[in-house]
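This report refers to the structure that appears directly beneath it.
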Number of protein chains: 2
Amino acid sequence: MALIVQKFGGTSVGSIERIEQVAEKVKKHREAGDDLVVVLSAMSGETNRLIDLAKQITDQPVPRELDVIVSTGEQVTIALLTMALIKRGVPAVSYTGNQVRILTDSAHNKARILQIDDQKIRADLKQGRVVVVAGFQGVDEHGSITTLGRGGSDTTGVALAAALKADECQIYTDVDGVYTTDPRVVPQARRLEKITFEEMLEMASLGSKVLQIRSVEFAGKYNVPLRVLHSFKEGPGTLITIDEEESMEQPIISGIAFNRDEAKLTIRGVPDTPGVAFKILGPISAANIEVDMIVQNVSHDNTTDFTFTVHRNEYEKAHSVLENTAREIGAREVIGDTKIAKVSIVGVGMRSHAGVASRMFEALAKESINIQMISTSEIKVSVVIEEKYLELAVRALHTAFELDAAARQGE
Amino acid sequence: MALIVQKFGGTSVGSIERIEQVAEKVKKHREAGDDLVVVLSAMSGETNRLIDLAKQITDQPVPRELDVIVSTGEQVTIALLTMALIKRGVPAVSYTGNQVRILTDSAHNKARILQIDDQKIRADLKQGRVVVVAGFQGVDEHGSITTLGRGGSDTTGVALAAALKADECQIYTDVDGVYTTDPRVVPQARRLEKITFEEMLEMASLGSKVLQIRSVEFAGKYNVPLRVLHSFKEGPGTLITIDEEESMEQPIISGIAFNRDEAKLTIRGVPDTPGVAFKILGPISAANIEVDMIVQNVSHDNTTDFTFTVHRNEYEKAHSVLENTAREIGAREVIGDTKIAKVSIVGVGMRSHAGVASRMFEALAKESINIQMISTSEIKVSVVIEEKYLELAVRALHTAFELDAAARQGE
């Protein structure tokens, strides 16, 4: 008999009908013999409705009071699901973050969990109850209600699983697992049976928005096996777990992520003196613009070119900041491009396989796709290419790394 | 500098605009120098919306879980008002029933307050904050959220005022005070400056629905001066306080209450044997029908007539129960009338004045209004009359007891 934490998001509890469906699902699992702790989000749309109410009072709601309002969203869903379970003859009880005592710091609207008191939950599980816990919220040492920030329900699930030493934390979503790449781009994309935390982090931060990055980090840190499943379809989903050092059996890469939200900026003919990188990026950072890839090449005639990418929405702002900088430091010009895309191959397998990058570049060259920027990490290689080649590049790489093959090692 | 508890109901916080108006009002009072604790209901309609959600899951929601849902209504308004106060530069903080620690019993949906911890509130008041507390809710010894039942926000206000030994508990409503009678019936009806708890109880239970009976009882028990005021108009309202034994200065009666919700049933020719009253009312009570006035006259030829009133909605049900009883005990017949009204004069002054009842009957006789039933208590005389004479009777009594006079003792 296993102890499982199951987390259902806002869409999964977005209507009374869906809450009834979740209750059916939970009932089935319970009858299969597992001990269950269920973590819920607010009904989809409800959190926005509550924030809108606050915004009608003031553009800058007091964070402590905003949490008092926003936390009511989950408070409603946990009680509704508990009622639906009891109606089905499944003993159940609901707890808010305060009632479980999910202790957080006092950073309202973006609090971090410090400690979870598992006493009540364990007592209820022992009595055969399903315990339904409000996600996304906690309480600080003063007894004030806190929220973990948007989407924090995944984190609640993982933190509860860690505190209870649960066998698995199951995150129910609107996809049936993690794929080698986006199936809308590559029809041959396949669901992965397993993926490591590190790979998942790279996939998530690159635009595969299945799970929140923070919850994956958390799960990795406490080694909580995470499983991504579809809320209303049957299937094993994808298990996210630690890298068990079985490099021999691992595929070289697990998936291909991509992203068309970025824009590229280059400042050319920069006098190559110490501290020039800070002179360029300092003002960008001061303007609250986040930078993703940064590339600086070796200098030529004592000047260098400096290129970085920002979110496309911040391109104009970054461009004008950079124009100022160029004048100040005596750079030649600022050029930019919003029609770019980033494609990344991700996999812990590449640690022990040489030539992964060159295989990637070869595959792109075969399709005559020009690479504009390159950036690498231990388990990832990213390239920036012209946006119009994105789909072509993803398909070519999916084939080159044998991801469309029916049989795959490790599955 | 006084300590005042102010309670605003659902209509007063029914929209963002109204919450802003309440914030303005609270700000003014605060600036006048009083320490303020503000108790709020949910936005009007919200509690029903939440109950409807639960009812969509099950006709009989688990009481504990229903309280988890329903309590979110006040949780939203307290934070909205607190934001609106802080926006105006008024330091403020919100507390749920659980956070103040309003300890109740575990009778979910209709809990009773056992104890209030005033520590946090006193600390905040000392720091110059306005304390905004969720009405209608508390927490039981297990940490479960409870609600006091419909309209319990008045009770929260009074209980807080008692715990804090506040100088006054102000209940803001949609009327500017308690009137001698309904101004829609008697245009000369006047707002009372003062009324005693006992009188208010009689007025309230007779249909002047300004305050909840339970909160008035509570206020009387703990001797908390209550004041009824209009949420959005200026004015002193009506103070409800203890009878200060100043009978000489008191008017004979304070007001005239009336009620057209009742129906009358008579069982005639009942053999007059011991226990017959129970034989008649036992089955009525067993059918969950509440009885108001009961009149039994002296017997005649060993039979008697037994008359009582019930809510008009329960007339048919009561009639059929009574038909059965009549057959069983060998009574002659059952007759009834739904076209009746009850009119009552209420006043602590009548304790020390003889002849109040006769003055009432005289006034009605002058208008040729026939009295069908009479019932009296220490501070009240009620009569049942034909419904069509209701307005006429109320106006005649209002004049007869000099309530429309411009100058009134005690004001």
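A, B, ... follow the sequence lines: proteins, then strands. Residue 1 opens every chain.
The side chain to side chain contact (heavy atoms under 4.5 Å, CB included) test with A:Ile69 singles out one residue from B:Leu80, B:Thr77, B:Ile78, and that residue is B:Leu80.
With respect to chain B, the highest number of heavy-atom pairs below 4.5 Å among A:Val76, A:Ile86, A:Leu66, A:Asn98 belongs to A:Val76. Looking only at heavy-atom pairs under 4.5 Å with chain A, the residue among B:Thr82, B:Val70, B:Thr58, B:Leu50 that has the most is B:Thr82.
Contact of A:Ile19 with chain B is made through the side chain alone, with heavy-atom distances under 4.5 Å. Contacts between A:Leu53 and chain B at a heavy-atom distance below 4.5 Å involve backbone atoms as well as side-chain atoms. Within the 4.5 angstrom heavy-atom criterion, only side-chain atoms of B:Glu20, from C-beta onward, approach chain A. For chain A, no part of B:Val132 is nearby; none of its heavy atoms comes within less than 4.5 Å. Residue B:Gln99 touches chain A through its side chain alone, counting heavy-atom pairs closer than 4.5 Å. Of the atoms belonging to A:Asp67, not a single heavy atom falls under 4.5 Å from chain B.
Counting heavy atoms from C-beta outward, B:Arg64 and A:Val93 have side chains that approach closer than 4.5 Å. A 4.5 Å side-chain heavy-atom check between A:Glu65 and B:Leu81 finds every atom pair outside the cut-off.
To the nearest 0.5 Å, atom CD of residue B:Gln60 and atom CE of residue A:Met83 are 11.5 Å apart.
Of all non-hydrogen atoms in B:Lys87 and A:Ile57, the two that sit nearest each other are NZ-O, 2.6 Å. Of all the heavy atoms in A:Lys120 and B:His142, the pair that sits closest is NZ-O, 3.5 Å.
In A:Arg112, the CZ atom is not crowded: 12 or fewer heavy atoms of neighbouring residues, nucleotides or ligands sit closer than 6.0 Å. Within 6.0 Å of atom CZ in A:Arg88, more than 12 heavy atoms from other residues, nucleotides or ligands are found, so the atom counts as buried in its surroundings.
B:Gln75 and A:Thr72 are not linked by any side-chain donor-acceptor pair at a separation below 3.5 angstrom, with hydrogens and angles left out of the test.
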